[in-house]
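Step one of this worksheet: look at the structure below.
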Amino acid sequence: KQIMLITLTGIVLIVIGIIIIWLCIKVPKFKKVGKYLGIVFLSVGFEWMAFVFEVIGLQRMKEDSEIANNQKEYVMLCANIRLLESNPDDEAKDTIIESVNNWNEKVDNGRKYLKDPWTSWLWNKNIVDSMEYIEIPEDLIK
């Protein structure tokens, strides 16, 4: 939905450029300023559209590997939590809990930014949806 709004922004810029150039042709006294203004709108619109499609394309290309990497990290962190449950006095306890908290923050940020129409087009819904929270047992936090 939001990507459509951002794409429509580029289309609107292009249409405004076309209208301004058309007015230059029809209204002679508007020709001098309008020609440059129309070209600016067209250029910005086309560059905006190229940027949006490039970002979307790059996201889609790396989607599968990103999901696989996230899944590996999730499995590793869950395994570390299970190890901590069996050995709560492990030396790496603080590091593991910090890593899990960083993971959970990454999940929170992804979901939050995916809901925001200004940032959602930078986040891939499939990647964010594939990420899950990791629960840290209360007895490990103390």
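Values in this document were obtained by computation on a predicted structure and should not be read as measured data.
To the nearest 0.5 Å, the span separating CG on N80 from CZ on R82 amounts to 9.0 Å. Between the CE atom of M49 and the OG1 atom of T9 there is a distance of 9.5 Å, given to the nearest 0.5 Å. The CD atom of E47 lies 11.0 Å from the CG atom of L13; values are rounded to the nearest 0.5 Å. Put simply, CG on N102 and CD1 on I97 are 12.0 Å apart, with the number rounded to the nearest 0.5 Å. Atom CD1 of I21 sits about 4.5 Å away from atom CG of L42, to the nearest 0.5 Å.
Proximity of Y74 to E132: side-chain heavy atoms (C-beta onward) are separated by under 4.5 Å at one or more points. For the pair D89 and K93, the minimum side-chain heavy-atom distance is 4.5 Å or more. The closest side-chain heavy-atom distance from Q71 to S130 is not below 4.5 Å.
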Determine, stepwise, if the pair S99 / L77 fulfils side-chain contact (heavy atoms from CB on, under 4.5 Å).
CA-CA 8 Å; S99 296; L77 290 170; 3.7 Å; yes

Show your reasoning for whether side-chain contact (heavy atoms from CB on, under 4.5 Å) applies to I136 and N101.
CA-CA 9 Å; I136 303 174; N101 285 333; 3.4 Å; yes

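There is a path of hydrophobic side-chain contacts, each under 4.5 Å, that joins V44 to F53. Residue V40 is grouped with residue W22 when hydrophobic side chains (ILVMFWY) are merged at heavy-atom distances under 4.5 angstrom, including chains of intermediate members.
Every residue two or more places apart in sequence or in another chain that forms a salt bridge (Lys or Arg N to Asp or Glu O under 4.0 Å) with K106 is listed here: E73. The side chain to side chain contact (heavy atoms under 4.5 Å, CB included) search around I16 returns V12, I20, F41, not counting sequence neighbours. Scanning for salt bridge (Lys or Arg N to Asp or Glu O under 4.0 Å) contacts around K125 gives D129, with sequence neighbours left out.
Across all non-hydrogen atoms, the minimal contact from V107 to M131 is CG2-CE, 3.7 Å. Annotation for P137 and I81: closest pair CD-CG2, 3.8 Å, computed over non-hydrogen atoms.
At distances below 3.5 Å, at least one donor-acceptor pair connects side-chain atoms of N104 with backbone N or O atoms of I134. The closest donor-acceptor contact from the side chain of N87 to the backbone of L83 lies at 3.5 Å or more, if one exists at all. Side-chain atoms of W48 never come within 3.5 Å of backbone atoms of S43 as a donor-acceptor pair (strictly under, hydrogens ignored).
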